[in-house]
Amino acid sequence: MERLIFHIDVNSAFLSWEAVRRVKQGLPDLREIPACIGGDPKKRTGIVVAKSIPAKKYGIQTGEPMAMALRKCPNLTVVPGDFALFDQCSKAFKRICASYAPVMESFSIDEVFLDMTGTSLIYPDPIATAHEIKDKIYKELGFTVNVGISTNKLLAKMASDFEKPDKVHTLFPDEIPAKMWPLPVRELLFLGKVSEKKLVEAGIRTIGDLAHEREERIQALLGEKAGHQLYEYARGIDDSPVRAQPEEAKGFSVETTFNDDIISMEQILPVLLEQCDVLATRMRRKKKKCTCISVTFRTLDFKNRSHQTKLENPTDLTDEIYRNAKKLFGEFWKGQPLRLIGVALTNLTEDGFEQLSLFEDTTDKERHQKLDAAMDAIRSKYGNSMITRASIMNSNARIARKAKAQMENERDRDVGKEIK
């Protein structure tokens, strides 16, 4: 049976949810005037979190400083975010969506996937059903959504990002050449700025160019794993299931949340190294090694993005884990301001035999093993705060210093945060 997947996305969620409340109070509709959800423009944390369509016409962009937005549009209406309201609206939105499907996956606070496979007897016309869901949400809750329809999650989400607001779009496999391939390559889901730059410099400017290129060339440009995944995506291939609950995994993870937005790799890398060091130390204490490393980051719209890589051989080396985490960030982060960074180590194996290549130079690995063992021994005897890596200690990034206290708390936990 061919799958049928809906992706439902609230249009300008935070602004729409605040607008609905204000309309009920007799105030102007934020969606119809130059307006945004954001913070105090006098502070560095004053950032545009969501904007109206009239505000967009002034060139205002999500993530830019509020002071800059006000220079573009002096009469801009700025409203602070109310996260209790956002949570309430999100739950109401998801209750309606869940009533239509056997399985719903919450993708973010304002996005869901519905697996509508096998519902043809109840809903014989998928497009009519999508309109019914969309209109029901608007009638009962007062805000609009976009619905994308396809045979997998990738294409359904790509479809929902087409023309907005208050639209239903399809992107079935036979529609890919006309609807998806002409788009700029940057529009492909999970393709970051670094990868875009490499592809464009190689003459691959559209998703269609990527789909018709040799996979070996894409892997040479982007790496074997990332190149394969993005090549598959460009051809519309995605077999990931819609999950009612997050996939169960066992491992170790840590996340750091920041009050100020992170905007550069110089800010990210010291935090990332500290996180990898915390997790690797924790894992070695448990006599484990990991074969999967993933990074998570949260953008200013409170959407989490996670990306992972699988290793050929299990590892417990801090440097190797950090090197892979840094590579994941470089491949998938598009440069948006961030408020959270996380690392997770999963697919654990017992510390033991490792298959080595006859041609592998083990000198560097042995050096890092000795370094990790020495640091573990010092921390075990004298405490976690007695030794740290120079690249972290000497960092001038204020954001890294603010994260240090949280990382120390992580180190001092005997077992730490484990993924159940």
Side-chain angles (χ1 to χ4, degrees), residues 9-23 25-83 85-86 89 108-111 142-146 160-167 183-189 191-194 196-197 200 205 258-268 297-305 333-340 397-399:
D9 185 7
V10 180
N11 300 135
S12 300
F14 296 157
L15 186 126
S16 294
W17 292 338
E18 182 63 45
V20 170
R21 176 168 65 179
R22 290 168 68 91
V23 167
Q25 297 171 346
L27 297 172
D29 190 334
L30 296 177
R31 294 165 292 190
E32 297 177 356
I33 62 175
C36 72
I37 303 296
D40 186 346
K42 296 178 182 179
K43 297 180 181 179
R44 184 179 177 278
T45 52
I47 296 292
V48 175
V49 176
K51 62 187 181 299
S52 66
I53 291 177
K56 185 177 180 180
K57 294 178 180 178
Y58 284 86
I60 294 172
Q61 299 179 9
T62 300
E64 74 178 349
M66 195 62 63
M68 183 181 297
L70 286 168
R71 284 197 295 271
K72 295 177 180 178
C73 180
N75 65 334
L76 183 70
T77 298
V78 180
V79 181
D82 182 341
F83 298 105
L85 171 69
F86 298 162
C89 292
S108 71
I109 193 171
D110 61 345
E111 295 177 80
F143 53 85
T144 64
V145 300
N146 263 40
S160 71
D161 284 336
F162 291 161
E163 183 188 0
K164 297 181 179 182
D166 198 27
K167 303 289 185 182
L183 297 176
V185 72
R186 66 175 174 273
E187 298 294 331
L188 184 62
L189 196 62
L191 194 146
K193 280 189 174 182
V194 173
E196 178 196 358
K197 185 174 184 293
V200 170
R205 294 180 170 81
F258 305 95
N259 293 325
D260 299 325
D261 51 299
I262 300 176
I263 57 175
S264 69
M265 287 298 289
E266 286 73 20
Q267 293 171 305
I268 291 171
F297 50 85
R298 180 179 299 159
T299 51
L300 296 183
D301 56 6
F302 295 89
K303 294 181 180 179
N304 283 8
R305 297 287 183 264
W333 180 48
K334 295 184 179 181
Q336 320 95 303
L338 303 178
R339 286 298 172 88
L340 176 146
R398 180 170 61 93
I399 202 77

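Just so you know, these numbers come straight off a predicted model, no measurement behind them. The first residue of the sequence shown is numbered 1, and numbering continues consecutively from there.
- Glu32 contributes no side-chain N or O that, together with a main-chain N or O of Pro28, makes up a donor-acceptor pair within less than 3.5 Å.
- Separating the CG atom in Asp161 from the CG atom in Asn146 is a distance of 8.0 Å, to the nearest 0.5 Å.
- Here the CG-CZ distance, from Leu183 to Arg186, works out to 9.5 Å after rounding to the nearest 0.5 Å.
- The stretch residues 66-83 participates, sequence neighbours left out, in these salt bridge (Lys or Arg N to Asp or Glu O under 4.0 Å) pairs: Arg21-Asp82, Glu64-Lys72.
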Pairs under 3.5 angstrom only: tabulate donor-acceptor contacts from the side chains of residues 47-55 to other protein residues two or more places apart or in another chain.
residue : atom : partner : partner atom : Å
Lys51   : NZ   : Thr62   : OG1          : 3.2
Ser52   : OG   : Ile33   : O            : 2.7
Ser52   : OG   : Ala35   : N            : 3.1
Ser52   : OG   : Ala35   : O            : 3.4
Ser52   : OG   : Ala55   : N            : 3.2

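- Inter-residue side-chain proximity for Phe143 and Val10 is flagged as met; some heavy-atom pair is nearer than 4.5 Å.
- Between the side chain of Glu111 and the backbone N or O of Ser108 there is no donor-acceptor pair closer than 3.5 Å.
- For the pair Trp333/Met265, a side-chain contact is recorded, criterion being any heavy-atom separation below 4.5 Å from C-beta on.
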Check your understanding: For Val78 and Leu76, what are the C-alpha separation, side-chain angles and deciding distance, and is it a side chain to side chain contact (heavy atoms under 4.5 Å, CB included)?
Key -> CA-CA 6 Å; Val78 180; Leu76 183 70; 4.1 Å; yes
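- Between Asp9 and Ser160 the shortest heavy-atom distance is CB-OG, 4.4 Å.
- Around NZ of Lys334, the count of heavy atoms belonging to other residues, nucleotides or ligands within 6.0 Å exceeds 12.
- Phe297 is not listed as a side-chain neighbour of Ile262, based on a closest heavy-atom distance of 4.5 Å or more.
- The CZ atom of Arg205 lies 11.0 Å from the CD atom of Glu196; values are rounded to the nearest 0.5 Å.
- Every residue meeting the ring pair (Phe, Tyr, Trp, His ring centres under 6.0 Å) condition with Phe162, not counting sequence neighbours, appears here in chain and number order: His169.
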Exercise for review: Mind running side chain to side chain contact (heavy atoms under 4.5 Å, CB included) on Ile109 and Phe14 for me, showing each step along the way?
Suggested key: CA-CA 10 Å; Ile109 193 171; Phe14 296 157; 4.1 Å; yes
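- Note that OG of Ser12 is 8.5 Å distant from NZ of Lys56, once rounded to the nearest 0.5 Å.
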Practice item. Verify side chain to side chain contact (heavy atoms under 4.5 Å, CB included) between Leu85 and Glu18, making sure each step is shown before the conclusion. Key: CA-CA 8 Å; Leu85 171 69; Glu18 182 63 45; 3.6 Å; yes
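- For Leu27, the side-chain contact (heavy atoms from CB on, under 4.5 Å) partners at least two apart in sequence or on another chain are Arg22, Gln25.
- The environment of NZ in Lys167 is sparse: at most 12 heavy-atom neighbours from other residues, nucleotides or ligands sit within 6.0 Å.
- To the nearest 0.5 Å, atom CZ of residue Phe86 and atom CD1 of residue Ile37 are 5.0 Å apart.
- Listed by chain and residue number, Asp29 satisfy the salt bridge (Lys or Arg N to Asp or Glu O under 4.0 Å) test with Arg31 (two or more places apart in sequence, or in another chain).
- Side chain to side chain, Asp166 and Asn11 fail the donor-acceptor criterion of an N or O pair below 3.5 Å.
- Between atom CH2 of residue Trp17 and atom CG of residue Leu30 there is a gap of 14.5 Å, rounded to the nearest 0.5 Å.
- Residues meeting the salt bridge (Lys or Arg N to Asp or Glu O under 4.0 Å) test with Lys197, sequence neighbours left out: Glu201.
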